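Input: a single structure, listed below in structure tokens.
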Amino acid sequence: MYRVHRFSLSTIHRPLHRHFSQSAAALATTEELNIPTNLDEFPKPDPAETIHATPRSTSGKRIAVNERKAGRVPSIVFEQEDGQNGGNKRLISVQTNQIKNMVNKLGRSFFLSRLYNLEVRPEFGSGEIIEKVRVLPRLVHLHATSDLPINATFIRAPSDALLKVDVPLVYRGEDVSPGLRKGSYLNIIKRTVKFLCPADMIPPYIDVDLSELDVGQKVVMGDLKVHPALKLLKPADEAVVKIMGGRVSDQKKSK
């Protein structure tokens, strides 16, 4: 049994603006590192959906407000991390409803960890394509009460790039876990884990098997089964999930 543990956009306490980010940077290329590309034993990347965009010539608070009133999200495309220092930056606007629907459908962690084809056209519905590039969402702000996206940042993701990605975790086997069947409870510590991933090999999720965990046992980051091309960027002994002691309700019943 698979259960995807995601944050609920409707139940999380929110500040005025919620800031969800995905750190990413190209540090080397897959060719330089001679990375294998066989993914048969691991979850395969999902086909890239297309995000539609139009160019913006200027930025600023007033421009952003007008864009949002028109149903558009002011956004930026960077050339990976170096783009923030002025390299190959493009100001764009994307469609509010499209981004909102994607975030709602996938959950924010899954939205920020998958690649998209970005098509920039002179205006929405135009047959002319100014630029078509593959991108990774790096950041999205959602409005505090409406969950509408208010701005977004993307980075270009060519095939030879290595990207830092917070990959979502999918937990399975809760129904047969010895510890959970004894009345213990599941303490989920991590919803995502950061890996350095070849752009063509970002997994849609990482499977976490709970089926053999007993009371007091845990899964650490080094236990996660991922493609050897992925490099863990956190301590291998850092816990991901634990099976904790008996539930409070069960303890009360035993007294």
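When a residue number appears, it is its place in the shown sequence, counting from 1. Please read these numbers as outputs of a predicted model, since none were measured by experiment.
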Is it true that [X] and [Y] have a side-chain N and a carboxylate O under 4.0 angstrom from each other?
X	Y	value
Lys234	Asp166	no
Glu67	Arg62	no
Asp207	Lys225	no

So which atom in [X] and which in [Y] form the shortest heavy-atom distance, rounded to 0.1 Å?
X	Y	result
Thr192	Pro168	CG2-CA, 3.9 Å
Leu106	Tyr116	CD1-OH, 3.2 Å
Ala157	Ala199	O-CB, 4.1 Å

Spacing of [X] atom [atom1] and [Y] atom [atom2] [to the nearest 0.5 Å]:
X	Y	atom1	atom2	answer
Met244	Tyr185	CE	OH	4.0 Å
Ser57	Leu91	OG	CG	8.0 Å
Arg72	Ile63	CZ	CD1	10.0 Å
Lys164	Leu233	NZ	CG	6.0 Å
Lys182	Ser177	NZ	OG	9.0 Å
Leu213	Leu186	CG	CG	8.5 Å

Answer yes or no: is there a donor N or O on one side and an acceptor on the other, between the side chain of Ser184 and the main chain of Leu180, under 3.5 Å? no

Donor-acceptor contact below 3.5 Å, side chain Asn101 vs main chain Asn97: yes

Glu131: partners by salt bridge (Lys or Arg N to Asp or Glu O under 4.0 Å), with sequence neighbours left out: Arg90, Arg156

4.5 Å side-chain heavy-atom contact, [X] and [Y]:
X	Y	answer
Val241	Asn187	no
Arg134	Pro158	no
Ile92	Val77	yes
Phe154	Ile76	no
Leu148	Leu142	no

Given Lys194, Lys218, Lys190, the one that forms salt bridge (Lys or Arg N to Asp or Glu O under 4.0 Å) with Glu238: Lys190

Test side chain to side chain donor-acceptor pair (under 3.5 Å) applied to Thr50 and His52, step by step: CA-CA 6 Å; Thr50 297; His52 305 288; 5.9 Å; no

Examine Val170 and Leu112 and state if one hydrophobic cluster contains both, with Ile, Leu, Val, Met, Phe, Trp and Tyr joined whenever side-chain heavy atoms are less than 4.5 Å apart. yes

Restricting to side-chain hydrogen bond (donor to acceptor under 3.5 Å, both in side chains), what partner residues turn up for Ser211, sequence neighbours left out? Asp209

Would you say the rings of Tyr205 and Tyr171 are close, in the sense that their centroids are separated by under 6.0 Å? no

Please collect all salt bridge (Lys or Arg N to Asp or Glu O under 4.0 Å) contacts where either partner lies in residues 112-129, sequence neighbours excluded, each pair once. Asp46-Arg114, Glu119-Arg121, Glu119-Lys132

